[in-house]
Amino acid sequence: MSITPIRLVLLALAVVLPVTAPAATNDNGTTPATPPGARAAAAAAAAQAAVVPEDRVGYDPAGRRDPFVSLLSRGDARLPAGDRTAGTKGLLINELAVRGVLRSGGALLAIVQAPDKKSYTLRPGDPLLDGAVKVVAKDAVIFVQRVDDPLSPVKQREIRKTLRTPEENR
């Protein structure tokens with residue numbers, strides 16, 4: 001589309017000439033005087049309207065899943081190491097590796113290794129960050145893990161960790 005000289009002149013006039021509304025007139029043909037306080041009040045109201053933030057749209061989950069959280073990582077939320085308590089109560093089940101089982105006083109105890117290479121002794125019923133120890137057997141430890149997925153009908157699941165992983169047996 002080309003701009004003709006007439007359109008160019010009209011466009012320049014529209015930019016240069018201010019557009020003013022015709023002043024309101026009284027019945028006698030004179031413009032009423034606006035009190036200076038009314039102008040100041042109108043300017044203050046306009047400024048206040050500009051300062052008031054608009055209502056932001058928020059998300060109220062009300063127990064529903066956050067639509068911006070990936071479905072691939074559901075139930076696998078990890079806490080940073082700084083927010084955990086010390087000892088076995090700060091360990092996640094998925095991070096533990098079973099390194100041994102020993103018998104003490106007729107009961108079986110599990111020796112597990114944390115990601116920081118520290119070893120801990122666990123008994124049945126010992127609490128962990130996301131569950132507890134259910135059973136210590138001769139060749140495995142069974143954990144009960146809480147499922148933190150609000151959409152899942154299953155709230156707990158059992159995780160069996162053996163002394164040797166299948167990769168170690170090869």
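Checked for salt-bridge contact, Lys134 and Asp126 miss the test: no charged N lies under 4.0 Å from a carboxylate O.
Between Val144 and Ile93, the closest heavy-atom pair is O-CD1, 3.8 Å. Taking both residues in full, the closest heavy atoms of Arg146 and Leu129 are given as NH2-O, 2.5 Å, listed atom of the first, atom of the second, then distance. In plain terms, the two heavy atoms of Ala114 and Tyr120 that are nearest each other are CB-CE1, 3.7 Å. Shortest non-hydrogen contact noted between Pro150 and Asp148 is CD-O, 3.5 Å. Closest approach of Pro124 and Leu108 over heavy atoms only: CD-O, 3.9 Å.
Note: Asp130 CG to Glu95 CD = 8.0 Å, rounded to the nearest 0.5 Å. A distance of 6.0 Å separates CG in Leu128 from CG in Leu96, rounded to the nearest 0.5 Å.
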- [ ] With side chain to side chain contact (heavy atoms under 4.5 Å, CB included) as the test, would you mind laying out the steps for Ile142 and Lys161 before giving the verdict?
- [x] CA-CA 6 Å; Ile142 300 173; Lys161 292 201 170 205; over 6 Å; no
TODO: Starting from the C-alpha separation in whole Å, work towards a yes-or-no answer on side chain to side chain contact (heavy atoms under 4.5 Å, CB included) for Asp139 and Arg160.
DONE: CA-CA 10 Å; Asp139 61 341; Arg160 179 182 174 94; 3.7 Å; yes
Open item on the list: Evaluate Thr121 against Val112 for side chain to side chain contact (heavy atoms under 4.5 Å, CB included), listing each step before the verdict.
Closed with: CA-CA 6 Å; Thr121 304; Val112 296; over 6 Å; no
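A side-chain N or O of Gln113 and one of Arg99 form a donor-acceptor pair less than 3.5 Å apart.
Residues Leu109 and Val135 do not share a hydrophobic cluster, defined by chaining ILVMFWY side chains whose heavy atoms lie under 4.5 Å apart. A continuous path of ILVMFWY side-chain contacts below 4.5 Å connects Val133 to Leu163, so both sit in one hydrophobic cluster. Both Val101 and Leu122 sit in one connected hydrophobic cluster of ILVMFWY residues. Membership requires side-chain heavy atoms under 4.5 Å apart, directly or through other members.
The shortest distance between side-chain heavy atoms of Leu102 and Ile111 falls below 4.5 Å.
More than 12 non-hydrogen atoms from other residues, nucleotides or ligands lie less than 6.0 angstrom from NZ of Lys155.
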